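Each remark here refers to the structure printed beneath this line.
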Amino acid sequence: MSAELRSNFLRTQIQGDLAAGLSRPVITRFPPEPNGYLHIGHAKSITVNFGLAEQFGGRCHLRFDDTNPEKESQEFIDSIQEDVRWLGYEWHGEVRYASAYFQQLFEWALHLIDEGLAYVCDLSPEEAREYRGTLTEAGRNSPYRDRSTSENMALFLKMREGEFSDGERVLRAKIDMASSNMNLRDPILYRIRHASHHQTGDEWPIYPTYDFAHGQEDAIEGITHSICTLEFEDHRPLYDWFIAHLPVPHRPRQIEFARLNTSYTITSKRKLKRLVDDEVVAGWDDPRMPTIAGLRRRGYPAPAIRHFCEEVGTSRSDGMVDMAMLESAVRDHLNRHAPRAMCVMRPLRLVLADLPESMTLAVSNHPADPQFGERQLRMDRELFIDREDFREEANKHFKRLVLGKRVRLRGGLVIEGERCDKDSDGTIICVYAKCITSVPGADPEDGVKPKGVIHWVSAEHSVPATIRQYDRLFSVADPARADDMTSALNPNSLVVSDDAMIEPALRDAAPEQVFQFEREGYFVADRYDHSAAHPIFNMTIGLRDSWSGSNG
RNA sequence: UGGGGCGUCGCCAAGUGGCAAGGCAGCGGGUUUUGAUCCCGCCAUUCGGAGGUUCGAAUCCUCCCGCCCCAGCCA
């Protein structure tokens with residue numbers, strides 16, 4: 001394990017296991033159920049599981065926990081694999097499926113029946129709930145609990161043959177109906193579902209539950225550390241019970257950590273699905289979604305997401321991480337990796353009447369990294385600047401273009417505002433300025449430096465683009481706790497503008513390429529919709545801004 | 001009110017008997033052809049609370065308080 005990684009209880013635990021003589025390589029697994037798209041919380045689990053394997057020279061499996069066919073689909077299986085790879089990880093060997101172990105699981109169920117440790121129960125779901133008791137009252141034994149081994153065997157075989165209807169019977173473990181741990185009150189091992197499975201088709205009319213499947217899957221694969229979230233802690237005694245009572249080839253160990261929660265987001269798959277189904281967003285990969293696919297389409301780089309997951313740490317205490325931390329990781333990565341370009345969002349015509357002739361400027365693509373090279377930009381008599389960058393008059397805090405004051409056009413000349421035209425409503429429609437310098441990049445000869453620098457594009461040589469500006473989807477920090485998710489939505493989470501003008505070269509941006517539009521923020525060429533004929537950029541995130549809040 | 005967890009700065013989080021790391025946020029200053037970046041500085045005499053053990057406690061003990069999870073034939 002590299003020394004620079006901060007310690008956490010998982011790494012400490014594994015180091016301890018290794019020191020205590022764990023003789024096999026560390027093997028972890030990322031075990032999603034294919035019933036939705038992966039989200040930022042899964043990203044955390046992925047970096048934990050794949051990261052641990054990597055740090056300890058072990059391996060990590062990708063295993064679909066597909067024990068509930070009615071909620072699962074091939075679409076999710078495909079998207080999950082794509083997302084894991086995009087995040088930068090490759091699983092060891094083939095993709096695994098819990099469903100590939102159905103026959104083994106079935107045989108282990110027979111074993112438990114044989115041992116008198118499992119029985120077929122005919123209680124209806126409602127009756128079973130009654131018999132289960134409550135948190136403070138013990139449950140009662142099912143009237144079917146003492147069936148003979150042969151009767152249980154015969155009944156379970158009939159279940160497997162599809163002779164009963166859905167919900168008619170279940171197979172339960174015989175543990176302790178009075179246990180203070182609800183999971184030990186004769187948990188269900190198999191339920192009847194005449195449902196076609198995306199992997200096994202109609203081969204099985206019965207499906208194992210999570211509890212009966214997960215630990216055994218881990219055992220089959222030789223998983224050394226089965227890492228899951230805190231809510232499964234109460235299941236660990238049951239996990240261990242199966243491992244102890246079944247002839248499994250290996251004893252995996254379950255360790256729980258606190259799931260990742262980030263402010264202003266929701267990670268319930270059920271609720272995310274509702275946003276998609278209700279068309280509140282444009283799909284699972286809408287750039288406002290906390291899904292991996294959404295973050296990707298928003299322009300969040302995979303290395304930034306991985307770095308964020310490492311930075312927040314891994315512990316056992318519930319909490320909520322400030323979204324600003326993820327955003328910081330994104331800005332940090334993009335600042336170093338995104339080439340600079342100019343985009344004028346709210347164009348205002350600027351005329352340089354005394355510019356002798358159009359000139360071609362060589363402008364750096366990155367202020368701190370020469371490897372990005374430079375690009376040629378045309379500076380003509382007529383330009384566009386942002387409306388926000390001009391005022392007829394302003395106090396000294398306004399470092400942009402003002403009548404009678406100087407400002408530099410990024411990478412070009414220093415100019416001075418002279419006058420402006422307005423329409424009948426008083427709206428400024430054109431600004432006139434004179435050139436103070438004649439050589440690009442030079443300072444004024446009189447030594448009076450410009451107040452600031454503004455960005456611009458050539459009126460003639462720029463091209464229109466659609467800019468999709470995103471803001472957080474929810475306006476409350478903890479939408480998961482809102483009584484009504486819909487009322488917590490931010491009505492301005494998406495603002496589309498077709499007014500923007502961009503440098504012509506931006507037309508040729510590759511899908512998913514991210515640029516910094518100087519003085520604005522980071523923008524990504526939309527993965528699907530961007531084209532040279534119709535450039536479309538999604539705002540990834542704005543630049544940090546210490547001005548607008550205090551003065552603007 | 002049964003059981004299982006968790007409480008260290010505004011938000012995350014190291015630390016496990018010997019001087020309370022770090023990141024994010026925030027605040028001040030410097031550099032700057034991006035109000036960005038970068039750089040410098042500030043930001044917990046105290047670890048949920050109260051007792052106790054100890055030369056010494058965030059770390060060990062006792063009691064108390066707060067928050068989270070569990071009563072799916074979901075995972």
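In this text, all values refer to a predicted model and were calculated from it rather than measured experimentally.
One interatomic measurement links the two molecules: CG of A/Asn335 to P of B/C39, which rounds to 11 Å at whole-angstrom precision. Between the CZ atom of A/Arg185 and the C1' atom of B/A71 there is a distance of 7 Å, rounded to whole Å.
Between A/Ser7 and B/G15 there is a side-chain polar atom (N or O) within less than 4.0 angstrom of OP1 or OP2. The side chain of A/Arg193 places an N or O atom within less than 4.0 Å of a non-bridging phosphate oxygen (OP1 or OP2) of B/C74. For B/A36, one of the phosphate oxygens OP1 or OP2 lies less than 4.0 angstrom from a side-chain nitrogen or oxygen of A/Ser546. Contact annotation: A/Thr134 does not reach the phosphate of B/G2 (side-chain N/O to OP1 or OP2, under 4.0 Å). For the pair A/Arg191 and B/C74, the criterion of a side-chain N or O lying under 4.0 Å from OP1 or OP2 is met.
A/Glu233 and A/Arg259 are not joined by a salt bridge, as no carboxylate oxygen comes within less than 4.0 angstrom of a charged side-chain nitrogen.
Here B/G4 is the nucleotide among B/G4, B/G35, B/A75 with the atom lying nearest to any side-chain atom of A/Glu233.
Of the inter-residue distances, the one linking A/Asn152 atom CG with A/Leu171 atom CG reads 7.5 Å to the nearest 0.5 angstrom.
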- Note on the structure: Each nucleotide of nucleotides 17-26 of chain B classed B (base within 4.0 Å of a protein heavy atom), S (only sugar-phosphate) or -, in 5' to 3' order, makes ----BBBS-S

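In RNA chain B, the stems built from three or more successive Watson-Crick or G-U pairs (distances below 3.5 Å) are B:2-7 with B:65-70, B:10-12 with B:22-24, B:26-30 with B:38-42, B:48-52 with B:60-64.
Using a 4.0 Å heavy-atom distance criterion, A/Phe212 is classed as making no nucleic acid contact.
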